[in-house]
Amino acid sequence: MNIADFAKDLLFAMKFGKGVNTEDLGIGKVPIIFVVHSMGGLVVKKAYLLGQNDENYQDIVKSISAVMFLATPHRGTDLAELLNRMLLVSFQSPKDFIVDLSRSSEALEEINEQFRHVAPKISIFSFYETLPTYVGPKKVMVLGKESSILGYPGEVSKSLNADHHDVCKYTSQEDSNYMTVRNALKTLVRNLQSRGIAEKESQSSDESNLVEKLFITNQGPEDDFAFLRQRWMPGTCEWILSEPAFELWLANVSGSRIAWLNAPPASGKSVLSTYIINHVRELGHCCQYFLINFGDSTKRSPAALLRSIGRQMAEDIPAFRREMAKFSREGVILEKKDARFTWHKIFTSVLSQMVLPTPLYWIIDALDESESPKILVELLQGLSTFRTPIHVFITSRRTESLSLAFERLSVSVPVDTIQRDYHADITSDIRIYVENELKFMRGTEDLKSQVTKSILHRADGNFLWVRLVLEEILDCHTQQAVMQTLEEVPAGMGALYQRMELNISNNPKEADRVLAKTLLTWIVCAHRPLTLRELSQALITEFPEFLDLKRTIQYVCGQFVVVHRSSHVAMVHKTARDYLTQTPSLRFFIDEKKSHAELFAKTMSFLLRPELRPKLGRNQQAVQSTEPFLLYAAVSLTHHLRQAATTSEGMMDQLVNFFKGPSVLIWVHSLALFSQLEVLVNTARVLNWFSGLNRKLNIEKNPLLHRIQDLDIFDLWATDLVKIVAKFGRHLLDDPTAIYKIVPPLCPRNSIMSRQFGRSESSSLLVSGISHAVWNDCLARVSLHNGAKAWKISCAGRHIAVLSSTGSIVLWDSVSFEETCTLRHAEHVTEMCFNSTCDRLVSYGFRTTKIWAIPSGQLVAEVGNPVDSKALAITFAGNDTEIMVASDDKLIRHLYINAVGAGWHIPESDLLSETSPVEGGFITSPSFMAFNADATQIALAYRGYPLSIWATNEPRQLGRCKRVVKHGANQARPSVSWMAVDRVAWSPIANQLVGLYKDGCVFKWNPSGDENQEANTMADEIQVSPDGKLFLTSDSNGTVRVWNFAYFAVIYQLSSENLVVDMAFSPDCKRFYDLRGSSVNAWEPNCLLHFSDNGETASDTASDHQTSTSMSHISEAWVVSIDPISALAAAPGSQLYCVGREDGMVGLFDKTRGLLLVLSESTSFLTTDHLTWSEDGSHVAAADIGGNITVKSLNAQVVHTGTMEIEVQSLLAAKSKPTVGGIHQILLNGDSTKLLIVSQDAGQIWSLETGSVAFSGVLENGQTRKWMNLPGQRDLLLGVGPRDLKIIQWKDLTGVASLEYWEDWFAFGGRSSLDADEITNTSMGHLSLNPSPGFREEVYVNKAMLTQDSSYFLIQICKLDTQGRSTKRVMAFETSLLAHSHLTDSPALLNFLDISNEEMTRIEVPLGILPGKRLVFLDKDLWMCTLTMNRARQPSDLKRHYFIPRDWATTESLEQCCILQDGTFLCPKDGEVAVITSSLGVASW
């Protein structure tokens, strides 16, 4: 090893080093000071230099603030032997790198020459020795001053009274050498400390933002805590501290523990919970809590509870926060995930593996008010496996179902129930509360004593009753009134509520009674508690201009309503809400269905206001300040419609007006502005329900009253709303105003969106040329390069990884579908998988296993594989600390990340040994193997033996699959019969799996209960979704089916003629991918969006009413087979364009009239892959993959009807014989008399006059260049290369001139290796980074064109690094610069228009330069953009005009799309060309 090797090791150790508990050390986040001795100083200097040019380490390099050199040999020495002595006195043996330390060594000279340029960035202290050092029996000076000092400006140098050995070792704190070094170090630390604190806070802030995005909790529990805490009275609740069960719960004992306090309603459980929270925190424990609120739909689901607990833990535990930030960076969002998924993703996979010094304490209040309390109790069973104890305190009422649930829970986790009659404790608390409240009542002590005694006698342990009675008493003005109140107030909450309702009814003002009823209706039925500002605007049409709404509410609604400190208005208690909604005899009875219908009408009226659209700016905060009720109305509209659970002509009329008018667009705009587009999916579900309900009711109605057309509109909008989210959601979040003029024209012709708004005169966008009549479910389609076949697919985070037939793995970003990198394994690969944090991918080949950093594509480690063994399953295990592979030799091998050099390890050689014979079975090598989610079990399938399940940590078989034999209808029983299984897939949540028998039948099996279901459906492939709710199958006919896992029923079917090789769900389960040939297809059917948007899909009661028949409806879609477009070329200065197809047809089109005529057809159906036009648009040439070339001349004539007819003449029809690699490009010369055919290293010039080859010769690097005619020089050609331009002659292809680019185009601005946060796995820190062996960086010309006005050349150059990462850059220069360039004898430098790196990163597809010097391009999000190329550019010079739907932009269509001179955009789509006409050609647009 040499100095550079040590430097690389140092960088890697700093980048990926971990603490004792595998937490990130954060090196690079705060300033770094190096204290280095001897050769260590040279290593640090080299590391500092290497990191300058490697973005992977730039965060570390930027953090290096100072270096203190202690006797460092900057200039080396002439005596190699002396340097060996240096190593000896440093307790090291002589090494090979000794040559690097010679005075004249190239290594030191290179380091010093480079270091002097970067040294001014850091503070440098150099200390040198002054005493000789013992080397054997002699003393010698190891280093002199001249070699220990750099001599740089600003360097601080100082001698130390020490030899080379003791210059870094001190006798005591009083040692003068120690004090000198210490003082210098303290000075540096003091200067850098403020900077370090600021950067640490910045890092924490960034992580907190990511965590907030992950959990998306609408409102934290802090406000609820503060509201309840203020009701606590000092001295109360202290009895809980002496409760034995609580003492045990609070103790720091091993293992998780649960305490359940159950008590009657209104007995102070919530206030007690806040007391416990405060007490635990005062003890210094880590405490998280959740206060369930039935009146707020956002605070009563188990998923919301878990998200809130998770967010609080991320705030309290830095290591947990970092792990959550990783999930967020990978695009994981938990908002719509159910409790089981959230528990598995966050708590089981992360928290359970963490070892914290003390237990975590969770307090959960009012569990009985949760939507699904039993689900949460079931999930808590998993606490038994957590490495850190979790102590959970739960309060609720006692119900039979909860008692049974806790009884079952106690089998896994200790549960202590606090259920004894603590009436005396509550009475004591009530006494303290009453006495404190009565301190503020005027009157004698005897009166106060009498009141206290009366209240305590009648309270019956009910805190709420006491508080409400005290409120009335404190409002009394005479002693007589106090005593009268005590006599009249009834005991018990029911009677008290009746009295409260009577007080409101007795209000003498009719207006106040009406207002009270209106307020109570809103407060009881609101989707969530409204704020005073929201409520005020909601009431403004009926009750304008409240003077003080808070005071008004308290006056007219009495004690039923409370206003929190956060200004949210809510019922005083759930029992009060129940009283008003369940007592029909009341004057203020709230009929929930009728009330929801009223609120629906009011929210709809609010959204129908014509003045709403001008108030919607792009600033969310500004809109909320002026329209506080808008967010609630937009989100909760369909909630009230669904809860009304009825229909009426009025509701129907409002819905029709809404969906037929522009208000629906304003509504979508509002939802996009507030990032609430998922509401559209829920609305679609409600519209389907509403339409279906009305159609059922129509059976009993007169047919003349059937409003069929209106119901059809609802059905159409139900489809369109979901598709708007799927197809345009990302763009709408980016620009909500796109819903008005951009989205409607891009919708299918028969969609309701297009029919109502797509043909508006105000629309500046017109789409033609494509059939596009109905929606399809394809979200996007990308392809492997060079026709490689796709074999396997894996999805994790934002990554889509596809294994190709060439042994390479291609990765795409799942959001933008941009290709991110290619992993070149360089051999056949059988298995691959991601780790849990999605920053590693392992690929297992025939000879080697390789571990890759994601998304950089950097090779992290490589290890040899055992011979004669094929991997059938692979997974990361042990919190990503090891890799497990199962192979066809029936062995499970382990590769430990912290000991990769040791290779594969086999802990149990007989782990999977089958010893029990099966009748009719024979054991061979397994044909399929699959690990379960946590790699604790493995499934083995054989060709002649039953499927079996084994534990992976011990030789124990857990189950064997027996096929069910049916006996009669709806009956099944296990039998001794069995059938071999082809493949299986595990549910990642439950310990169940689905699979395919050898005869293709689909089955579901629960090994633990030996439960087996079978469907009479054939399939070849099968995959389960990450949340375990769905699974996919595909058959030999190309049909893909989506199944509901729980009900074992098909919910969606996609039919196609193309065979599916592999499939996968996206991590959010909203889409699935399949591999067909070279294509990777992303599908996003409505049913998946509906399914994933359900959130909590299974409440405690849902399963009682839902059967498999409710899931029996199947959505179907078909993929029509098409002949894709293989070539597209637009005629210069014309409306004409030519299209070539894969079947060999070449068609001539007009942008307004469509297909004019077919220019040629291939009898052999050979793909047309090259098209080119002459400069004047009078000739067009085509070539197919077989080398057949045709040239046509076109003569346009205007006939008497005013239309144009094209006369076509064939000039050439011949077969070229190109060299290896086929035809690279064809080009017509300026006067259309010659045709150039470019192949790998040769060029042919065909004469169109003679129809033969006029010249054939070598064209050096012909395939690496793009060829064009040189403007104004008809006899010259221009070859655009990655480094220069070559000008050659048309007649004989001889070179004339060369022009070099003035910038080094290898110095790309994009990343060449890793980002700062890419490699964070806890166990990878020791591995070295290596480039992919055998691969070189490649720079090539991706696109070169003469712009629409012939004034500029536009060139896009790509660099493909060794990891397959592509970086693109664009340059443009005026054609006039080349006017006389061919007259110079020496190479000239070429200047071009300035495009900044920031602008460069936006450009995905350059399309041309339009009048006004406007560069036109598609950005990475497929927005059509223009950039005015002014010298001093302003932000306004970059404009976005419209976007292209992602499913239009396949890999091929992006390469073929182009733009006409008038700004018309041509984009291939499904075998047609979309013609998008806009105002893009107008310079002022």
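- In this model, a donor atom of one side chain and an acceptor atom of the other lie less than 3.5 Å apart for His785 and Glu819.
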Lys789/Leu784 under side-chain contact (heavy atoms from CB on, under 4.5 Å): CA gap, chis, key distance, verdict: CA-CA 7 Å; Lys789 301 301 181 184; Leu784 295 173; 5.9 Å; no
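- At a cut-off of 3.5 Å, with distance as the only test, a side-chain donor of Trp950 or Ser948 sits close to an acceptor on the other residue.
- Counting only N and O atoms by type, the side chains of Ser887 and Arg893 include a donor and acceptor under 3.5 Å apart.
- Thr849 and Glu862 share no side-chain donor-acceptor pair at under 3.5 Å.
- Nearest heavy-atom pair across Ile897 and Val900 is O-CG2, 3.4 Å.
- In this structure, the ring of His37 has its center no less than 6.0 angstrom from the ring center of Phe69.
- Of all non-hydrogen atoms in Thr72 and Leu143, the two that sit nearest each other are C-CD1, 3.8 Å.
- In this model, no donor atom of one side chain and acceptor atom of the other lie less than 3.5 Å apart for Ser987 and Asn991.
- A 4.5 Å side-chain heavy-atom check between Ile938 and Met929 finds at least one atom pair inside the cut-off.
- Summarising the geometry of Val860 relative to Ala853, their closest heavy-atom pair is CG2-N, 3.6 Å, with the distance given to 0.1 Å.
- The shortest non-hydrogen separation linking Thr875 to Ala935 is CG2-CB, 3.9 Å.
- Within 6.0 Å of the CG atom in Asp910, the count of heavy atoms belonging to other residues, nucleotides or ligands exceeds 12.
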Leu70 and Val35: CA distance, side-chain angles, deciding distance, side-chain contact (heavy atoms from CB on, under 4.5 Å) verdict: CA-CA 7 Å; Leu70 303 177; Val35 181; 4.0 Å; yes
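- Looking only at side-chain heavy atoms (C-beta outward), Arg847 and Val867 stay at 4.5 Å or farther from each other.
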Working for side-chain contact (heavy atoms from CB on, under 4.5 Å), residues Leu49 and Val118: CA-CA 8 Å; Leu49 292 170; Val118 296; 3.8 Å; yes
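- With respect to Arg798 and Asp813, a salt bridge is recorded, a charged nitrogen being found less than 4.0 Å from a carboxylate O.
- Checked by atom type, the side-chain pair Thr133/His165 shows no donor-acceptor distance below 3.5 Å.
- In this pair, Phe846 and His828 present their aromatic rings tilted. The plane angle is within the 30 to 60° band.
- A donor atom on one side chain and an acceptor atom on the other are found under 3.5 Å apart for His164 and Ser38.
- Between Phe115 and Tyr48, the ring planes lie perpendicular to each other; the angle is over 60°, past the 30° to 60° tilted range.
- Scanning all heavy atoms of the two residues, the minimum distance from Cys821 to Pro855 falls at SG-O, 3.4 Å.
- Here the closest heavy-atom approach between residue Gly807 and residue His825 is recorded as O-CB, 3.3 Å.
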Intermediate values then yes/no, side-chain contact (heavy atoms from CB on, under 4.5 Å), Glu882 and Phe876: CA-CA 6 Å; Glu882 61 179 299; Phe876 281 87; over 6 Å; no
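- Between the side chains of Asp1062 and Trp791, no donor N or O sits under 3.5 Å from an acceptor N or O.
- Counting only N and O atoms by type, the side chains of Ser836 and Asp880 include a donor and acceptor under 3.5 Å apart.
- The shortest distance between side-chain heavy atoms of Ile111 and Glu109 does not fall below 4.5 Å.
- For Leu10, the side-chain contact (heavy atoms from CB on, under 4.5 Å) criterion is met by Met14, Phe34, Val43, Val44, Ala47, not counting sequence neighbours.
- Annotation: side chain of Tyr57 is in contact with side chain of Lys15 (closest heavy-atom distance under 4.5 Å).
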